[in-house]
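Heads up, the thing below is written out as structure tokens.
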Amino acid sequence: MEDDNIKEENNRKNNFIKSIINEDIQKGKNSGKVITRFPPEPNGFLHIGHAKSICLNFGVAQEFKGKCNLRFDDTNPAKEDQKYIDSIISDVKWLGFDWGEKIYYASDYFENLYDFALELIKKDKAYVCSLTGEEMRQYRGTLTEPGKESPDRNRSIDENLDLFERMRNGEFTDGAYVLRAKIDMASPNINMRDPVIYRIKKMSHPRTKDKWCIYPMYDFTHGLSDSLEGITHSLCTLEFQDHRPLYDWLLDEVTAPCHPQQIEFARMNLNYTVMSKRKLQKLVENNHVDGWDDPRLPTIAGIRRRGYTPEAMRNFCNIIGVSKKESRIDVGMLENCLRDDLNERAPRVMAVLKPLKVTIENWQEQENSNSSDKNSVKEEKSFIEELDAQNHPQKPEMGTRKIIFSKTLFIEQDDFMENAPKKFFRLAPGREVRLRYGYFITCKHVIKDKDGNVVELICTYDPATRGGDSPDGRKVKGTLHWVSSEGSVPATVNLYDRLFMAEDPEAETDDFTKNLNPESLVRLEGCRVEKYLADAAPEKAYQFERLGYFCADSRESSKEHLVFNRTVTLRDTWAKVSQQ
RNA sequence: UGGGGCGUCGUCAAGCGGUAAGACACAGGAUUUUGAUUCCUGCAUUCGGAGGUUCGAAUCCUCCCGCCCCAGCCA
């Protein structure tokens, strides 16, 4: 972990936000302090896009020896729920960030916010308006035409004070009145056309319960909350650029503790997936996926269940950089970061996804000739042998384990071809291959069922090649992964692939679900995995040699019924070649 | 057609007036008991376009083109 942090530290790229902060520090702004915040609304699950913001905000704070607050922007009880608060906390924690002792909530500031509103009213900078929603829209004007002032705009300060207090006291129904900032109905920036800052919602709040029936709007709440927390740099996404004048206006009009600087950056988009809360919700609600933590979803909960590591995610967020350009990042980049990390940490193990039975016809003879071998164990029916396998060929410190060789083995169906081209380095009639950490075997006969499907291979092995080395220096083109019937246990394996077939699922269609990949999940039953995996912990990464990285599913896997998720495949040059 | 942004390799992305970093992808080659990993090598005479300023421009100026965002009592 220490090493990881050092490595991450060194790898951190510069970006325009850090440049701004650096200049600020140079100038002595905020006495050199850096305080950021990650401000999710608890109305859904976090996704990879949020991870970028989390890594940015917490990363910048760490780097400049400042701090980052985790703050819930919980100002709309109609959409928010405690379960989202819980899941967000757990996701941020999983990503590996520390928000200190305290979790912040905008709702903790409701009283302060109310006072700020009073202050605005007293300065004649806010008024209570009775326009209906429809009227408000009409008065607002359009993108090209200025708006009209509300008839209530010149209500007296005393009357505004009275009405606002009565709004708070619950004397009016939802929608009867709103509190608006008095700015400029002719502003070319629509956000400045007397924006609503408080609305009546007679609704219980997850945290303040029934204490309030008026709730502040985002624009009013956000900047003021930032100020109350002493935030120095308020980082948000591009769509809030138009709100910055309002953010600044509010902070200037009110006696705020400080005036944080809002800086906007582009949100992250990934190809072959969707990222918005609304679309993710549709996928979940219409059962296109199995819940918010479906391993195919770009939610934090999903990628975690899929087997992604926080280190890989953090590294990815660092590598893609931060800019104001809207982009769509290639998932290949994410997968590369994942493989990079998993290659380092995942113990290697063997598993056969689509087993093809292999019988070693000369194995029995071994029983007599080699019975003095101390690695040999005689069982009732079959003769088995224990061999050593490395847990990580590049990292001897990760140790070795015992694997079992016997007369009945399984190899991957894809590793045998009856009429193999010369470039096929695997098993074919008459050809010899190495079984990893086992023996060289040669295919002698092919057994088929009545439909012509290959159901079993009869092979011979070379006793001299124990462990996979040939004393005579004989070379073999291929090394196959395998498992023996005695040394393996059954398992179910979920092969996940990209959720959508189109790079941009929304392009050229009114319904992005039409681009769903029907093969985004292929569930394989009857797989065989090394016994070693029988008590694999959920989410712990293993490399199934030659296949990819897998982890036991945190929801479904049990000792009685193993279920593994494919996190990501290995790079596969052969797949590319063979397709041509 | 109001306002706010953005345009540098297939995809991200540095660059901030001194002559185009890096990563991924891609293409070759080496090593390999994972067709994995690792390791070399190659990969923008050019920065949306056109003018201009300058000894010198991706960087400064002008005009043009393209893309994104904004008319919730959502955030």
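The figures that follow rest on heavy atoms only: side chains count, while hydrogens, waters and symmetry mates do not. Nothing here was measured: the structure is a model prediction, and the numbers come from that model. Chain naming here is simple, since letters A, B, ... match the order of the sequence lines and numbering starts at 1 in each.
Judged by distance alone, the side chains of A:E385 and A:Y439 do bring a donor and an acceptor atom under 3.5 Å apart. Side-chain contact check for A:E545 and A:Q543: no donor-acceptor pair (N or O, by modelled atom type) lies under 3.5 Å. Counted by atom type alone, A:H481 and A:R348 present zero donor-acceptor pairs between their side chains at under 3.5 Å.
Across every strand in view, B:rC43 sits unpaired, with no contact that passes the Watson-Crick or G-U test at under 3.5 angstrom. With a 3.5 Å ceiling on both atom-pair distances, the Watson-Crick or G-U wobble partner of B:rG2 is B:rC70. The nucleotide B:rA57 finds no pairing partner, because no Watson-Crick or G-U wobble arrangement with both distances shorter than 3.5 Å includes it. Pairing partner, B:rA20: none, since no Watson-Crick or wobble contact has both distances short of 3.5 Å. Under the Watson-Crick or G-U wobble criterion, with both distances below 3.5 Å, B:rA36 is left unpaired in every strand shown. As the counterpart of B:rG7, B:rC65 is assigned, both hydrogen-bonding distances of the Watson-Crick or G-U wobble pattern falling under 3.5 Å.
Regarding A:N14, its CG atom lies at a distance of 16 Å from the C1' atom of B:rC12, rounded to whole Å. In this structure, A:E503 atom CD and B:rG10 atom P are separated by 13 Å, rounded to whole Å. Taking atom CG on A:N191 and atom P on B:rA75, their separation rounds to 13 Å, with Å as the unit.
The side chain of A:S323 lies closest to B:rA13, out of B:rU34, B:rA13, B:rG2. For A:F425, the listed nucleotide lying nearest its side chain is B:rG35; candidates were B:rG35, B:rC74, B:rA71. Considering only side-chain atoms of A:Q543, the nucleotide from B:rA36, B:rA75, B:rU34 that sits closest is B:rU34. Across B:rA75, B:rA71, B:rU34, the shortest atom-to-atom separation from the side chain of A:Y218 is found for B:rA75. Counting only heavy atoms from C-beta on, A:I320 has its side chain closest to B:rC12 among B:rA36, B:rC12, B:rC73. In the set B:rG2, B:rC73, B:rU34, B:rC73 carries the atom at the smallest distance from any side-chain atom of A:R140. Listed nucleotides: B:rC73, B:rC68, B:rA71. Nearest to the side chain of A:E326: B:rC68. Minimum atom distance to the side chain of A:R546 is reached by B:rG35, of the listed B:rG35, B:rA75, B:rC70. Proximity note for A:P393 (side chain, C-beta onward) versus B:rC74, B:rU34, B:rU38: the nearest is B:rU34. Ranking B:rG5, B:rG3, B:rG15 by closeness to the A:D242 side chain, first place goes to B:rG3.
The P atoms of B:rG52 and B:rU45 are separated by 23 Å, rounded to the nearest whole Å. Taking atom C1' in both B:rA44 and B:rA58, one finds a spacing of 12 Å when rounded to whole Å. When the P atom is used for both B:rU46 and B:rC69, the distance is 33 Å, rounded to whole Å.
For the pair A:E63 and A:K18, the salt-bridge criterion is met [side-chain N within less than 4.0 Å of a carboxylate O]. In this structure, A:K279 pairs ionically with A:E506, as a charged nitrogen and a carboxylate oxygen lie closer than 4.0 Å.
Heavy atoms of A:R180 sit nowhere under 4.0 angstrom from any nucleic acid atom. Using a 4.0 Å heavy-atom distance criterion, A:V196 is classed as a sugar-phosphate-only contact. If you check every strand for non-hydrogen atoms under 4.0 Å, A:F240 touches a base. Among the protein residues, A:Y437 comes within range of the nucleic acid bases, having at least one heavy atom under 4.0 Å from a base atom. Nucleic acid contact for A:V322: sugar-phosphate only, since backbone atoms but no base atoms lie under 4.0 Å from a heavy atom of the residue. Within 4.0 Å of A:R328, counting heavy atoms only, lie sugar-phosphate atoms of the nucleic acid but no base atom.
Contact annotation: side chain of A:R244 to base of B:rG4, donor-acceptor pair absent below 3.5 Å. With hydrogens and angles left out, the side chain of A:Q394 and the base of B:rU38 share no donor-acceptor pair within 3.5 Å.
Ring pair A:F564/A:F544 is perpendicular by interplanar angle, where above 60° counts as perpendicular and below 30° as parallel.
Residue side chain A:W574 meets the stacking definition with respect to B:rG35: its ring centre sits within less than 5.5 angstrom of the base's six-membered ring centre, and the planes differ by less than 30 degrees.
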